[in-house]
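Proteins get letters first, then strands, A, B, ... in listed order; numbering begins at 1 in each.
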Number of protein chains: 2
Amino acid sequence: MSGKENSRERLIKTASRLFQLQGYHATGLNQITKESGAPKGSLYYHFPDGKEQLAIESVQLTTAFVSKQIEEGLNKSTDPIEAIQLFIKDMAERFERESCTVGIPIAAVALETSLISEPLRASCQSAYQKFQSAFTEKLIQSGYEEKHAMELGIVINSMIEGAFLISFTMGKSEPLLLVAKQIPSLLK
Amino acid sequence: MSGKENSRERLIKTASRLFQLQGYHATGLNQITKESGAPKGSLYYHFPDGKEQLAIESVQLTTAFVSKQIEEGLNKSTDPIEAIQLFIKDMAERFERESCTVGIPIAAVALETSLISEPLRASCQSAYQKFQSAFTEKLIQSGYEEKHAMELGIVINSMIEGAFLISFTMGKSEPLLLVAKQIPSLLK
DNA sequence: CTATATATAGACCAATTGGTATATTTTTTT
DNA sequence: AAAAAAATATACCAATTGGTCTATATATAG
């Protein structure tokens, strides 16, 4: 029972990376199995529901990873404005450093599958809710009124996702940095 | 020379709609030809470079359409805050009304193709630049200093794109509406 | 050692992909 | 009306898609 989790995990990790980078439809099962080293027989043993199941679990893995990154980033300062700005700047730096190695966490899968797979759509929704609530949590801890904090969490998450998308398309991190710059105005 | 432009135009319009709704890779040329009524022979006659060329021209059509919508929306009020809020609320309403008929204008194609086709990436970049400059223009006309207006244009565009993405995934327009609500804070 | 899950290996499948070739029709020009 | 250009119509292609199948290892028991 040692190689078991190993192979399954490798499949999810590879799929997770490829789905983020290339999107759902552009990523073939052949590519996933080849790059992960696992054969197709194993894929359908570990993921009987095929590509959809693999994508759902990939989204979940990405969600956990990114959520942790957000929480860690936000803990770098007690001041929420500074903390959020630091986090966004970190993302921008990481984007510059490894733009061609990593895509936008959830967006591609969300856009491609929300209309064709309800379970996948729900997974992406959960991801965004988790991201939002990390920001909201930070604001509540800093004394923001709950409803206001929830609204701001949604808006901050939207801003970051949008800036990520545009930075990705433009090939430069400027939008992310400008969003960071406007955080103080937003949080008054 | 009457049927000529007609067939070409039908192909682009159909492709434009399908690419926005389903994304690049999920939209097959067979589906485009079938839904547009044009045969495959015509497709490669009008678009010798195939799917990529068709997608580029589709993005350009969408860009023109959306830009016009933004400009018209922003003209509904002289006050930039009110104008931008009105535009976003219009988008939110339209989203609620026809969410399953229309996807997010450029995002899906941008995410799916930016890393695999430089010309397509450039088309999507042009689209976003055009959207941004519409907001920037409005702010400059309202007396904002140029550099500040440019930065805000980028941020506003990012916010709207991100909110669109999340609204799409969530299946509700709340993120868009909350972004609209925060516009005054952002523009001071 | 045997029996039994667990897991791997990869050949195979129908369907679809983007793209090409060629023949035919329609339209325009002379 | 004849010639030329523009456009349409399909049949066809190799390659790849997601997915299934059966045989074979590789463990973990008893």
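- Following rounding to the nearest Å, B:Ile116 (CD1) and C:dT17 (C1') show an atom-to-atom distance of 14 Å.
- Between the NZ atom of B:Lys51 and the C1' atom of C:dT16 there is a distance of 11 Å, rounded to whole Å.
- Summarising the geometry, the separation between CD on B:Glu52 and P on C:dG19 is reported as 9 Å, rounded to the nearest angstrom.
- Remark: C1' of C:dT17 and NZ of B:Lys34 are 14 Å apart, rounded to the nearest angstrom.
- Residue contacts shown for A:Lys40 include a base, since a base heavy atom lies under 4.0 Å away.
- Listed candidates were D:dG18, C:dG18, C:dT8. Nearest to the side chain of A:Leu29 is D:dG18.
- Across the protein-nucleic acid pair, A:Tyr24 atom OH and D:dT17 atom C1' stand 12 Å apart, rounded to whole Å.
- A:Leu54 has its CG atom 10 Å from the P atom of D:dG19, to the nearest Å.
- Between B:Glu35 and the options B:Lys13, B:Arg10, B:Arg17, a salt bridge (charged side-chain N to carboxylate O under 4.0 Å, His left out) holds for only B:Arg17.
- Ranking D:dT8, D:dG18, C:dG19 by closeness to the B:His46 side chain, first place goes to D:dT8.
- If you measure from atom CG of B:Leu11 to atom P of D:dA6, you get 18 Å, rounded to the nearest angstrom.
- Geometrically, A:Lys51 does not engage A:Phe19 in a cation-pi contact defined by less than 6.0 Å to the ring centre and at most 45° from the axis.
- Within 4.0 Å of A:Gly41, counting heavy atoms only, lies at least one base atom of the nucleic acid.
- Per the geometry, CD belonging to A:Gln22 stands 14 Å off C1' belonging to D:dT17, to the nearest Å.
- Aromatic ring orientation, A:Tyr144 versus A:His148: tilted (interplanar angle from 30° to 60°).
- Among the nucleotides D:dG19, D:dT8, C:dT17, the one closest to the side chain of B:Tyr45 is D:dT8.
- Annotation: cation-pi pair A:Arg8/A:Tyr45 absent, no NZ/CZ under 6.0 Å from the ring centroid and within 45° of its normal.
- Between C:dT8 and A:Ser7, a contact under 4.0 Å exists linking OP1 or OP2 to a side-chain N or O.
- Relative to the side chain of B:Tyr44, the nucleotides C:dG19, C:dA9, D:dT20 differ in distance, and C:dG19 lies closest.
- Listed pair B:Asn30 / C:dT17 meets the phosphate criterion, a side-chain N or O lying under 4.0 Å from OP1 or OP2.
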For this session: Go through the steps to decide whether A:Gln60 and A:Ser123 satisfy the test side chain to side chain donor-acceptor pair (under 3.5 Å), and finish with yes or no.
Result: CA-CA 7 Å; A:Gln60 287 166 352; A:Ser123 299; 4.6 Å; no
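- In this structure, A:Thr33 reaches neither bases nor backbone, as no heavy-atom distance under 4.0 Å exists between it and the strands shown.
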